Amino acid sequence: MAMAMTTDCGGSRWSMVSLKSALPPLTSRASSIQLPCRRRRPPPPTKCPQLVRSFTALSPVNPLHSLGFSDLTSFEHNFSIIDNGCRFYAMRHGRRVPKLNRPPDQRRALLRGLTTQLLKHGRIKTTRARASAMRKYVDKMITLAKDGSLHKRRQALGFLYEKQIVHALFAEVPDRYGDRNGGYTRIIRTLPRRGDNAPMAYIELV
C-alpha cells in the first residue's frame, strides 16, 4: 500500500492549487498585522547664495547681506585674532624684512658684524642688499651714543662685538653728529662683484 502511494505521488505534478489548499487559512488577526516603518523627513531647504545685485557705484552696498550671510556684518571672521589686552590681526602686511638668504640668528650676527666693522673703519664695501639692511642699525647705534646714558651704553655693548668701538663711539658722536638728526650713512654704488655679478656698494659714515 505504501509502495502504491509513493509511486502515485511521484508520478503526479505539483500545482499552485494543491499548494494553496495545503496551507492553513489566514485569520483576520494575521491579515491586520502591519510592519513598523519610519517616515523619512524631507530634507531642509538649502539656501543658495545669491549673486550680488545691489551696487552703489563700483562697490556693493553690503556684500555679506547680498551673498546670503545676514548674520555677518564684517570680514573679521576670516582672520585669526590674538587678544592679550589689545586687539590686532595676525597678518604681516608691509612688514617685509631683508632675509639675506640666512636664518634669523645668522642674519642678526651678520648685521652686527657689518655694523661693528663700519663703525671701526668708517667705510666698507659690501653688497647693496646688506648695505641697505645694516643702515638702520648703524643709525640706531649713533642715536644711542648721542644720548650718552649708561643704559644706552649697555644696549650698544650688547649689540656691537668690540667694547673699544663702543667707548670711542660714545666719546666722538656728540661732537660729530650733535646737530644732525638722522642720515648718518651714505651708500655709493660701484661695479658688480666679479664671479657672481652681485651688485656692490660702498657704505660710509657721513
Side-chain angles (χ1 to χ4, degrees), residues 57-59 63-64 72-206:
L58 297 179
S59 61
L64 296 175
L72 302 177
T73 58
S74 65
F75 292 97
E76 295 180 359
H77 65 284
N78 294 328
F79 306 102
S80 59
I81 301 175
I82 303 175
D83 193 2
N84 55 351
C86 60
R87 186 185 182 94
F88 64 95
Y89 302 106
M91 303 191 74
R92 302 183 68 253
H93 293 307
R95 295 188 180 182
R96 181 182 176 275
V97 294
K99 300 298 182 62
L100 302 178
N101 293 328
R102 280 169 174 77
D105 54 345
Q106 298 181 17
R107 187 189 318 134
R108 181 173 175 81
L110 173 64
L111 294 173
R112 289 177 65 186
L114 290 174
T115 305
T116 304
Q117 294 302 314
L118 177 60
L119 295 176
K120 181 179 181 179
H121 299 286
R123 182 180 185 182
I124 60 174
K125 182 180 180 181
T126 181
T127 59
R128 294 181 191 174
R130 293 178 183 179
S132 301
M134 65 176 289
R135 196 170 195 174
K136 66 177 184 178
Y137 296 99
V138 177
D139 293 350
K140 182 177 181 180
M141 292 299 108
I142 295 178
T143 304
L144 294 178
K146 288 176 66 176
D147 188 291
S149 62
L150 179 60
H151 176 60
K152 304 299 182 181
R153 186 183 295 264
R154 287 174 176 171
Q155 285 183 335
L157 286 170
F159 187 82
L160 299 177
Y161 284 130
E162 298 185 17
K163 185 184 296 185
Q164 294 80 9
I165 301 299
V166 175
H167 297 319
L169 183 67
F170 274 69
E172 298 178 3
V173 159
D175 298 335
R176 184 173 179 179
Y177 300 109
D179 300 332
R180 180 183 289 269
N181 297 323
Y184 307 114
T185 57
R186 181 188 297 118
I187 295 179
I188 304 172
R189 297 185 179 186
T190 183
L191 296 176
R193 183 166 57 192
R194 184 178 180 182
D196 59 351
N197 202 30
M200 305 294 291
Y202 287 101
I203 180 170
E204 62 183 9
L205 297 175
V206 176

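Just so it is clear, the structure is predicted and the values come from calculations on it, not from any experiment.
For Asp175, there are no side chain to side chain contact (heavy atoms under 4.5 Å, CB included) partners, not counting sequence neighbours. Under the side chain to side chain donor-acceptor pair (under 3.5 Å) criterion, Asp147 pairs with Ser149, sequence neighbours left out. Every residue two or more places apart in sequence or in another chain that forms a side chain to side chain contact (heavy atoms under 4.5 Å, CB included) with Thr190 is listed here: Lys125, Met200, Tyr202.
For the side chain to side chain donor-acceptor pair (under 3.5 Å) condition, no pair includes a residue of residues 97-116, sequence neighbours left out.
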- Could you walk me through whether Val138 and Leu205 pass the side-chain contact (heavy atoms from CB on, under 4.5 Å) test, one step at a time? CA-CA 9 Å; Val138 177; Leu205 297 175; 3.9 Å; yes
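What you find for Pro192 and Asn197 is that their closest heavy atoms are CB-OD1, 3.1 Å. Contact detail for Ala145 and Pro174: the closest heavy-atom pair is O-CG, 4.1 Å. Contact between Met134 and Leu114 at its shortest, heavy atoms only, is CE-O, 3.3 Å.
Within the 4.5 Å cutoff, the side chain of Leu111 has heavy atoms near those of the Leu100 side chain. Counting heavy atoms from C-beta on, the side chains of Met141 and Leu118 never come closer than 4.5 Å.
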For residues 152-166, which side-chain donor-acceptor pairs fall under 3.5 Å, sequence neighbours excluded?
unit_1, atom_1, unit_2, atom_2, d
Arg153, NH1, His167, ND1, 3.0
Gln155, NE2, His151, NE2, 3.1

Using distance only, find each side-chain donor-acceptor pair of residues 176-187 under 3.5 Å and give its atom names and separation, not counting sequence neighbours.
unit_1, atom_1, unit_2, atom_2, d
Arg176, NH2, Val206, O, 3.3
Tyr177, OH, Val206, O, 2.9
Arg180, NH1, Gly183, O, 3.4
Tyr184, OH, Lys146, NZ, 3.2
Tyr184, OH, Arg180, O, 3.2
Tyr184, OH, Gly182, N, 3.2
Thr185, OG1, Arg135, NE, 3.0
Arg186, NH1, Glu204, OE2, 2.8

